[in-house]
Amino acid sequence: MSDSTYAPISGHLDDVEEAREEGRRKMDWALQHMPILQELREQFAESKPFDGQVIGMAMHVEAKTANLVELLALGGAEVAITGCNPLSTHDDVSAALDANDSITSYAKRGVDEDEYYEAMHAVVSHEPTVTVDDGMDLVYLVHEEYPELIDTILGGAEETTTGVHRLRAMDEDGELNYPVFAVNDTPMKRLFDNVHGTGESSLANIAMTTNLSWASKNVVVAGYGYCGKGVAKKAAGQNANVIVTEVEPRRALEAHMEGYDVMPMNEAAEVGDVFLTTTGNRDVITREDFEKMQDGAVLANAGHFDIEIDLDALSDLAVDEYEARDGVDAYEMEDGRRINVLAEGRLVNLASPIALGHPVEVMDQSFGVQAVCVRELVENGDEYDAGVHDVPDELDVEVAEIKLDAEGVDIDTLTETQEEYMNSWSHGT
Ligand code: RBV
C-alpha cells in the first residue's frame, strides 16, 4: 500500500484562509449556474448514497469540478482528489475543498512531473472504492502499482475521450480489471462538453491570451471529431476561414460538406494563421510543418495531452525562445519567422494562465452524469463486469430531464399508440 507523505494543498500555501475564501467564492458562482448539481445535492444530502465509500479522483481542480467533489462528499463519501494536468489546478479552489473534513485535496498548480505523480499516489493511499478520472491516470496507477486494491474497488468513471480511448485499448488487451463507465461517450457529455465546451473555451482562451481577432484569420483545426466540430463551427461563427485536417475519410467528407477547406497539415501549414489540435494523437504538427509556417503563426492544443505539437522539433529548429506574452512562448526560426505556442502545448482552455476551463453549464451536464454514474456503481456495481461500459441510457436521460426542468422546457410524450407503432415491424403503408 502507498505510504505517501505528500502533503495536501493547505500545507503548500502561505495564506490558506484567504485562498479558501476566494476558492469558495468561485465555487458559489459556478454552483448558481449548475442546476443539475444543485438538484443532485439536495437528493444526495438526504439519501447519503455514498456512505462508507472512498472516492479517489484525478480531474481539473477548479470551481465546477469542486462542486462535483463537494456533492460526492455531501452524499456521504470521503473524497481524495488531485489534478489531471500540472497546469489546470486553481490553488484557491483546491484549498477550499481541502477545508472540508471529508475531502483531501492534493492538487496544486505548476507541479513538476515527480510531484504530479506523488499526488496521484497520495490519492490512492486513501484506498478508494471508486475512481473518477479525467485521462485514466488513476486507473492506470492502481493497475500498475496497487493491484491489491482492485478487489475492493466497485468501479470507475472516465471523463474524457483520451481516457476512454486508453481504457478501451486496455480492455481489449484483457488488462482492465474493474468496470469503468465511459462518461465521455454519453450524449449529455459529448454533444455539449466536447462540442460547445471545447469550441467556446478554446477560442475564448486563445483570443484573450493573444488579444487577436478571429475575423479573416485562417484557422486550421486538426481533427474533426466532436471537439474539432465545435471549434470549427465557433471559429466560422467568428468570421474565420476554417481549414480542417483529418485522417478519417468520412469525417473529412463531413467537414468538406460543411463548407470548410480540407487539406493535409503540411499544406495547411503554409496558409494557417492559427492552428488548434483536437485529435488526441501525437505528432500532429511536426518539423516539416514548422518549416513552412508563416511568421506570427499561433499554435494551440485542445487535446488532453501535450503531445500533438512536436515541441522538441520546434525547439530544435529555433535559434531563440522567449515568452512573448503571458502564456505565449515564441520560437524564433533562423530566417526570422516567429512561431507562437500557447500554454506550452497543453490543453489551452485549461492550462493557459487565464484559463477557466469549459463554461459552467456544460460541465454541469458532464458532472451530473459523473455523479449518477458513481451512484450506480455504489448501488449496482456488482452487476458490471470488469471492462469499459457505456453509461446506461436511463441515467443520461435522468440528467437531461433535470436540466430541461431547470430550464423550464417542456417536451412531448409518446402516446401508447405511438410507442406501439415505433416498436412494431409489421406495419407498412
Ligand atoms: N473539462 N473540465 C473542465 N473543469 O473546467 N473543462 C473541461 C473544467 C474536461 C472536459 O470534460 C474534457 O473531457 C476534459 O476536461 C479534458 O481533459
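We're numbering straight along the sequence, starting at 1. Just so you know, ligand 1 is whichever comes first in the structure, and atom 1 is the first atom listed for that ligand.
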For [atom], find the nearest protein heavy atom and state the residue, atom name and distance (0.1 Å precision).
atom	value
atom 6 (N) of ligand 1	His358 N, 3.0 Å
atom 5 (O) of ligand 1	Lys64 NZ, 2.9 Å
atom 9 (C) of ligand 1	Asp134 OD2, 3.5 Å

Test item: side-chain donor near acceptor, [X] and [Y], under 3.5 Å:
X	Y	result
His33	Asp364	no
Asn301	Thr277	yes
Asn184	Asp193	no
His121	Ser4	no
Asn266	Lys292	yes
Thr131	Tyr178	yes
Glu62	Thr89	no

Task: Parallel, tilted or perpendicular, as decided by the 30° and 60° cut-offs, for the rings of Phe181 and His389 - done: perpendicular
Between [X] and ligand 1, which residue portion shows a heavy-atom distance shorter than 4.0 Å: side chain, backbone, both, or neither?
X	result
Asn194	neither
Asp193	side chain
His304	side chain
Asn85	neither

- [ ] Run the contact test for Leu356 against ligand 1 with a 4.0 Å cut-off on heavy atoms, strictly below, and give the result.
- [x]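 The answer is yes: ligand 1 sits under 4.0 Å from a heavy atom of Leu356.
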Open item on the list: Tell me whether ligand 1 is touched by Met59 - counting only heavy atoms on the residue side and a distance under 4.0 Å.
Closed with: no
In terms of atom number and element, which parts of ligand 1 are under 4.0 angstrom from non-hydrogen atoms of [X]?
X	answer
Gly357	5 (O), 6 (N)
Thr160	12 (C), 13 (O), 14 (C), 16 (C)
Thr65	4 (N)
Lys189	11 (O), 12 (C), 13 (O)
Leu347	16 (C), 17 (O)

TODO: Kindly indicate whether a cation-pi arrangement holds for Arg375 with Phe44, taking the cut-offs as under 6.0 Å to the six-membered ring centre and within 45° of the axis.
DONE: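 No, Arg375 does not lie over the aromatic ring of Phe44.
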Open item on the list: As a check for students: among Gln365, Arg190, Arg346, Met363, identify the option with a heavy atom nearest to atom 1 (N) of ligand 1.
Closed with: Met363
TODO: Report the member of Glu62, Gln370, Glu159 with the shortest heavy-atom distance to atom 11 (O) of ligand 1.
DONE: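 Residue with the shortest heavy-atom distance to the ligand atom: Glu159.
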Task: Passing candidate, side chain to side chain contact (heavy atoms under 4.5 Å, CB included) with Arg168, options Val388, Val180, Asp173 - done: Val388
